[in-house]
Amino acid sequence: MREDRSMRTWPALLLALMVAAVVAALPAATALDGDPGGGPGGGLGGGPGGSSPPSPPADTPVPAVGRAWPVGLRPSVIRGWEPPATTYGRGHRGVDLTAAPGASVRAAAPGRISFAGRVAGRGVVSVELNGTGDPPLRTTYEPVRATAKKGTEVAAGEVIGVLEPTGSHCPASCLHWGLRRGDAYLDPLSLLPPWLLGRGPSRLLPVIGVPEPEARTVP
């Protein structure tokens, strides 16, 4: 008895349709917290065609290359960094800093403007930081009306825009400051050295087990 060819191909066709349905149900890759990526491919990771190099482990130290607060001299942190448990989980992918509408927004570290435009109705500026590895660190600032154009090299403390009066998710006006390496969100405060965070100067402490030198009396 000859077997119908359609009976042999039907299970494979059904499996392909089931896989396609599962893929379609997955959440689409989106730019979280308004960060558009800013790379040449325009995708989430910023690589060609939207792909990106694999990100280093989350516990990779962030170099303290920051030399200025984005707003003010030492603004209050309204809400700190709260990393989500999963890629699309709840959390706070950045920090919120107190600032009045119209305040100057500055680059925290030297780099290149990788994006300056609007995302979901909010002004966003992204700065790719110099000498911070591959993929490089990238800071984001919103809601900000950009005064610097994409591709511009900026120094730490250089004005890159002004805080917009609308678009903030804070109860009062604030700047949302973010930090990313590839697709991994990091704490932007880790960019700032202790002297900028207000922790005071470093002090040398005695080493345990090593006697301190005796004080000499000058005749």
Side-chain angles (χ1 to χ4, degrees), residues 32-35 55-84 90-114 116 122-133 136-148 152-165 167-181 184-208 212:
L32 301 176
D33 266 10
D35 185 358
S55 298
D59 58 356
T60 300
V62 173
V65 294
R67 293 295 177 268
W69 283 93
V71 286
L73 296 177
R74 191 174 182 273
S76 298
V77 178
I78 300 175
R79 185 179 178 186
W81 181 64
E82 301 167 10
R90 296 179 63 85
H92 192 233
R93 299 169 175 87
V95 297
D96 293 334
L97 306 176
T98 55
S104 297
V105 178
R106 297 175 169 82
R112 177 185 62 86
I113 303 290
S114 57
R122 292 174 295 179
V124 179
V125 179
S126 297
V127 180
E128 189 176 278
L129 305 186
N130 296 337
T132 54
L137 292 171
R138 185 170 66 250
T139 52
T140 58
Y141 311 81
E142 59 177 289
V144 173
R145 177 175 59 81
T147 56
T152 303
E153 292 286 337
V154 293
E158 185 172 344
V159 175
I160 57 176
V162 296
L163 190 67
E164 293 183 329
S168 170
H169 56 237
C170 300
S173 175
C174 74
L175 172 76
H176 181 80
W177 179 31
L179 176 66
R180 286 179 62 177
R181 188 191 292 279
Y185 286 86
L186 304 167
D187 183 1
L189 293 179
S190 60
L191 284 174
L192 301 180
W195 60 269
L196 263 180
L197 290 171
R199 296 174 181 168
S202 301
R203 292 190 306 162
L204 294 177
L205 299 177
V207 180
I208 298 176
E212 296 186 21

Can you name the side-chain contact (heavy atoms from CB on, under 4.5 Å) partners of [X], sequence neighbours left out?
{"X": "Ala146", "result": "Ala116, Val125"}
{"X": "Asp187", "result": "Trp81, Val95, Leu189, Ser190"}
{"X": "Pro75", "result": "Trp69, Val71, Leu97, Thr98"}
{"X": "Thr132", "result": "Pro63, Val65, Leu129, Pro136, Leu137"}

Where is the tightest heavy-atom contact between [X] and [Y], given as atom of each residue plus distance?
{"X": "Gly161", "Y": "Thr147", "result": "N-OG1, 3.2 Å"}
{"X": "Pro143", "Y": "Cys174", "result": "CD-O, 3.8 Å"}
{"X": "Val105", "Y": "Leu163", "result": "CG2-N, 3.8 Å"}
{"X": "Gly66", "Y": "Leu192", "result": "CA-CD2, 4.2 Å"}
{"X": "Arg67", "Y": "Ala156", "result": "CB-CB, 3.6 Å"}
{"X": "Glu158", "Y": "Glu153", "result": "OE1-O, 4.3 Å"}

Separation of [Y] [atom2] from [X] [atom1] (nearest 0.5 Å):
{"X": "Arg93", "Y": "His176", "atom1": "CZ", "atom2": "NE2", "value": "9.0 Å"}
{"X": "Leu191", "Y": "Leu179", "atom1": "CG", "atom2": "CG", "value": "4.5 Å"}
{"X": "Arg74", "Y": "Leu196", "atom1": "CZ", "atom2": "CG", "value": "9.5 Å"}

Worksheet item: Using 30° and 60° as the class limits, which term best fits the ring planes of Trp177 and Tyr141: parallel, tilted or perpendicular?
Response: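 Trp177 and Tyr141: parallel rings.
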
Hey, are the side chains of [X] and [Y] touching, using non-hydrogen atoms and a 4.5 Å cut-off?
{"X": "Val62", "Y": "Arg181", "answer": "no"}
{"X": "Thr140", "Y": "Arg180", "answer": "no"}
{"X": "Ser114", "Y": "Arg112", "answer": "yes"}

Discussion item. Glu164: which residues meet the side chain to side chain donor-acceptor pair (under 3.5 Å) condition with it, sequence neighbours left out?
Written reply: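 In terms of side chain to side chain donor-acceptor pair (under 3.5 Å), with neighbours along the sequence ignored, Glu164 is linked to Arg118.
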
